[in-house]
Amino acid sequence: MIELTAYNFSFIMMTLITILPALGIAFVNSLMRSLLLLILSFIGVAGLFVLLSADFIAIAQLLIYAGSISILLLFAVMLTPEISINNENSKYFLLASLGAILFLYLMILLITIFDLNQLTGNALNKLDFDNTIEQIGTLLLGKYIIAFELASVLLLFALIGAISIVRSSESDFDVKIKDSK
Amino acid sequence: MIGLEAYLIVSSLLFAIGIFICIGKRNLISVVMGIELLLNAVNIAAISFSRYGSGFSDQSDALAGHVLVIFILTVAAAEAAIALALCVLVYRHFNTINVSDVNQLG
């Protein structure tokens, strides 16, 4: 049995905040509620990042996942009318649960083979810094500069692509303007 | 003592739930939510390996996991935008976003 230090207690709480809402998404029938549960799960993951001493990633997780991606999902939920807002399970329910349980079994088998708890993070402890932001910035603009630039190009293309996919064709737009006149 | 093993088990639990949601839901938006959960699970694994891993040849490699997670965040944002645009498009074309009903190209 693990002793109840502050760290262990926070770990257990953050795990519960992450896992229970994620399970809730699978079993709640309203799409809106499952979206709110998803946001709660994202916040729990951010808490786990804080416990792993990844401060910058935790803030980025809160801003990008709990902030913007959930708002995007909210827009998508609200743009599709009420008929399609149900969150029922498909006919592959059994197959899905079988796949998930099999995956979990394999992963736990794989994790317990190695003696992973002997790793104590010496490399990170030796680095001795106040926060990770400076180190990450140096890595991003030094060693990983090409990937960084490619990611910016990817984001630009994705945003332009998303706009041009959902925009209705130009002739439709003209017709609407003429109608309104 | 909470170590790497506990974090990896949490990560694989989250990944298993993500797989379940991806396969077992009939709504396209729920499938996108499942994909976001999968990406989050991978993020937890990457960060925990970065925290507890040792024996990097280069000192600065200790934070390579963080950089990987930043790229995953970027790709996740792009992927969410595109996927939700496709959801809206599919709804306009088929009048449903049930995955099993979307089975025609034309």
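A note on names: the letters A, B, ... follow the listed sequences, proteins ahead of strands, and every chain is numbered from 1. Hydrogens, waters and symmetry mates play no part in the numbers below; they use all other heavy atoms, side chains included.
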Most heavy-atom pairs under 4.5 angstrom with chain B, which of A:Ser70, A:Ala147, A:Ala60, A:Gly99?
A:Ala147
Could you go through the side-chain contact (heavy atoms from CB on, under 4.5 Å) check for B:Leu14 and A:Val45 one step at a time?
CA-CA 10 Å; B:Leu14 202 59; A:Val45 173; 4.1 Å; yes
Heavy-atom count check: over 12 atoms from other residues, nucleotides or ligands less than 6.0 Å from A:Leu109 CG?
yes
So for A:Ile25, is it side chain, backbone, both, or neither that comes closer than 4.5 Å to the heavy atoms of chain B?
both
Expected output: side-chain B:Arg92 to main-chain A:Val166 donor-acceptor under 3.5 Å
yes
A:Val28 with A:Met78, same ILVMFWY side-chain cluster at under 4.5 Å:
yes
With a 6.0 Å cut-off (strictly less than), is the heavy-atom count around OH of A:Tyr7, excluding the residue itself, greater than 12?
yes
With chain A, the option among B:Gly18, B:Ser11, B:Ser30 that has the most non-hydrogen atom pairs under 4.5 Å is B:Ser30
Any chain of hydrophobic side-chain contacts (each under 4.5 Å) joining B:Leu63 to A:Ile145?
yes
So which of A:Ala76, A:Gly142, A:Ser68 has the largest heavy-atom pair count under 4.5 angstrom toward chain B?
A:Ala76
Contacting moiety of A:Tyr144, where chain B heavy atoms sit under 4.5 Å:
both
Are there over 12 heavy-atom neighbours, none belonging to A:Tyr92, within less than 6.0 Å of that residue's OH?
no
Rounded to the nearest 0.5 Å, the CD1 atom of B:Ile17 sits from the OG atom of A:Ser41 at a distance of 8.0 Å
Which atom pair, heavy atoms only, marks the closest approach of A:Phe103 to B:Phe15?
CZ-CD2, 3.2 Å
As an exercise: rank B:Val67, B:Thr74, B:Ile19 by heavy-atom pairs under 4.5 Å with chain A and give me the winner.
B:Val67
Going from CG on A:Leu74 to CD1 on B:Ile29, what distance comes out if it is rounded to the nearest 0.5 angstrom?
10.0 Å
Residues pairing under ring-ring contact (aromatic ring centres under 6.0 Å, His included) where one sits in residues 49-75 of chain A, two or more places apart or in two chains, turn out to be A:Phe42-A:Tyr65
Given side chains that start at C-beta, do those of B:Val69 and A:Gln61 come closer than 4.5 Å, heavy atoms only?
no
Would you compute the distance between atom OG1 of A:Thr15 and atom OH of B:Tyr7 and round it to the nearest 0.5 angstrom?
7.5 Å
Provide the closest heavy-atom pair for A:Ile69 versus B:Ala80 in the form atom of the first, atom of the second, distance.
CG2-CB, 4.1 Å
Quick check for you: to the nearest 0.5 Å, what is the distance between A:Met107 atom CE and B:Leu8 atom CG?
7.0 Å
Spacing of CZ belonging to B:Phe20 relative to CZ belonging to A:Phe27, to within rounding of 0.5 Å
4.5 Å
Would a hydrophobic clustering, with Ile, Leu, Val, Met, Phe, Trp and Tyr connected at side-chain separations under 4.5 Å, put B:Met33 with B:Ile72?
yes
Minimal non-hydrogen separation, B:Glu5 against A:Ile111, with atom names
CG-CG2, 3.4 Å
Minimum heavy-atom distance between A:Ile19 and B:Val10, given as atom pair plus value:
CD1-O, 4.0 Å
Examine whether an atom of A:Leu23 lies under 4.5 Å from a heavy atom of chain B, and if so say whether it belongs to the side chain, the backbone or both; otherwise answer neither.
both
Measure A:Phe93 against the heavy atoms of chain B and call it side chain, backbone, both or neither at under 4.5 Å.
both
Assigning hydrophobic clusters by single linkage (Ile, Leu, Val, Met, Phe, Trp, Tyr; side-chain heavy-atom cutoff under 4.5 Å), is A:Phe157 placed with A:Phe148?
no
Contacting region of A:Leu98 [heavy-atom separation from chain B under 4.5 Å]
neither
Chain A contact via B:Ala76 - which portion, at a heavy-atom distance below 4.5 Å:
both
Measuring from atom CG of A:Leu139 to atom CG of B:Leu68, what distance do you get when rounded to the nearest 0.5 angstrom?
12.0 Å
Residue pair B:His66 / A:Ala54: nearest heavy atoms and the distance that separates them
CE1-CB, 3.4 Å
Of all heavy-atom pairs linking A:Ala162 and B:Ile82, the shortest is N-CD1, 3.8 Å
For chain B, find which of A:Leu48, A:Leu73, A:Leu140, A:Leu106 contributes the most heavy-atom pairs closer than 4.5 angstrom.
A:Leu73
Side chain / backbone / both / neither for A:Leu102 at chain B, heavy atoms under 4.5 Å
neither
Residue from B:Ile21, B:Ile47, B:Ile70 scoring the most non-hydrogen pairs under 4.5 Å with chain A is B:Ile47
So which of B:Leu28, B:Asn43, B:Val88, B:Leu86 has the biggest tally of heavy-atom pairs under 4.5 Å with chain A?
B:Asn43
Relative to chain B, which of A:Leu95, A:Ile101, A:Thr5, A:Leu51 shows the most heavy atom pairs under 4.5 Å?
A:Leu51
So which of B:Ala16, B:Ala83, B:Ala41 has the biggest tally of heavy-atom pairs under 4.5 Å with chain A?
B:Ala16
With sequence neighbours left out, write down each residue that passes side-chain hydrogen bond (donor to acceptor under 3.5 Å, both in side chains) with A:Thr132, or none if nothing qualifies.
A:Asp55
Side-chain heavy atoms nearer than 4.5 Å, only ILVMFWY residues, links allowed to pass through others: does that put A:Val50 and A:Leu16 together?
no
